[in-house]
Amino acid sequence: MQRSISLSGRLLITAQFVKGGGTLADVGTDHAYLPVWLIQQEIVDKAIACDIREKPLNNARETVKRFNLEDRISLRLSDGLDAVSADEADEIVFAGMGGTLISDIIRRTPWLKNKDKHLVIQPQTRVEELRCTLSDGGYEILGEKAVFEGKRVYVAMHAVYSGINHFRPPSFAYIGRLSDNLDDSAIQHLKKQAKVITMKIKGCRNSGDEQGVGQLSKILEDINEVIYG
Ligand SMILES: C[S@@+](CC[C@H](N)C(=O)[O-])C[C@H]1O[C@@H](n2cnc3c(N)ncnc32)[C@H](O)[C@@H]1O
């Protein structure tokens, strides 16, 4: 039996947002590396490792067995949190899935709208869409972190429901709370966002959409203000 597991940088920044102490649901768990690591580090007591497909869930089963954690991690075939009830999980992790999919799952799981449920999220794509889903749904993003892994920069964040819809400028979708933690990885991510906006501005200019040019230019200005001060 292998003694302990190590996490990639992407999963490590995700794990760092887990408060611990209770039961964690890991949505889209695949190999269940994250819940196994969190239990080995004694950060969480128990976990529910969920996946929509049998094959990844079997991967999870193998990992859980290899580390002898059958009594601490239960495995569940579940579309999002459909097979998990509100009283079963204190913290919910969504890692390695697209921002659109994570947004859909959050929107259709009303029991997440509870200040006692802590959400830890690491979207692979569409981070701006996810930030809008959280803000519009009354969730407060508490913090964010970026990390380089290979040639990519990944972002992780944590959030909780507050029921308050704070005013956020449109640039918040692109910047989020990364400005609170402005390291090299965060700056690289923001530079990539600036490039995307620049391309969009070009598109609007070519199609004569002056209103779009104005709105996007303001977003670009805000991103550049964070990057370059
Ligand atoms: C790329 S893996 C991520 C694994 C792990 N969470 C990580 O970050 O390394 C994405 C997993 O999400 C699962 N998945 C996709 N849609 C899902 C859904 N609606 N509900 C639960 N799991 C889903 C896939 O089957 C796959 O195993």
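Both counts, for ligands and for their atoms, begin at 1 and track the order of listing.
- Atoms of ligand 1 lying under 4.0 Å from at least one heavy atom of Ser78, given by number and element, are 20 (N), 21 (C).
- Taking every heavy atom of Asp30 and a limit of under 4.0 angstrom, the matching atoms of ligand 1 come to 4 (C), 27 (O).
- What sits closest to atom 22 (N) of ligand 1 on the protein, heavy atoms only, is Ile52 N, 3.3 Å.
- Closest protein heavy atom to atom 16 (N) of ligand 1: Leu101 CD2, 3.3 Å.
- Using a 4.0 Å cut-off between heavy atoms, Leu34 makes no contact with ligand 1 at all.
- On a distance-only criterion, Gln122 and ligand 1 share no N/O pair closer than 3.5 Å.
- A donor-acceptor pair is defined here as one N or O able to donate and one able to accept, closer than 3.5 Å; no such pair exists between the side chain of Lys46 and the backbone of Ile39.
- At under 3.5 Å, a nitrogen or oxygen of Ala95, whether backbone or side chain, sits near a nitrogen or oxygen of ligand 1.
- Nearest heavy-atom pair, Val213 versus Cys204, reported as atom, atom and distance to 0.1 Å: CG2-CB, 3.7 Å.
- Closest protein heavy atom to atom 19 (N) of ligand 1: Asp79 OD1, 2.9 Å.
- Counted by atom type alone, Ser4 and Gln40 present zero donor-acceptor pairs between their side chains at under 3.5 Å.
- Looking only at side-chain heavy atoms (C-beta outward), Val155 and Arg131 come within less than 4.5 Å of each other.
- With distances taken over non-hydrogen atoms, the option nearest atom 6 (N) of ligand 1 out of Pro56, Gly96, Ala32, Gly28 is Gly28.
- Of all atoms in ligand 1, numbered sequentially from 1 with element shown, those under 4.0 Å from a heavy atom of Gly80 are 18 (C), 19 (N), 20 (N), 21 (C).
- To the nearest 0.5 Å, the span separating CD1 on Ile201 from CG on Asn206 amounts to 12.0 Å.
- The shortest distance between side-chain heavy atoms of Val18 and His118 does not fall below 4.5 Å.
- The two residues Val84 and Ala89 have their closest heavy-atom pair at CG1-CB, 4.4 Å.
- Residues Leu112 and Leu81 form a side-chain contact, since some pair of their non-hydrogen atoms from C-beta on lies under 4.5 Å apart.
- Listed by number with element, the atoms of ligand 1 under 4.0 Å from a non-hydrogen atom of Arg53 are 25 (O).
- Protein heavy atom nearest atom 7 (C) of ligand 1, with residue, atom name and distance: Arg10 NH2, 3.4 Å.
- With hydrogens and angles left out, the side-chain atoms of His166 and Glu140 include a donor and acceptor closer than 3.5 Å.
- Shortest contact from atom 25 (O) of ligand 1 to any protein heavy atom: Asp51 OD1, 2.6 Å.
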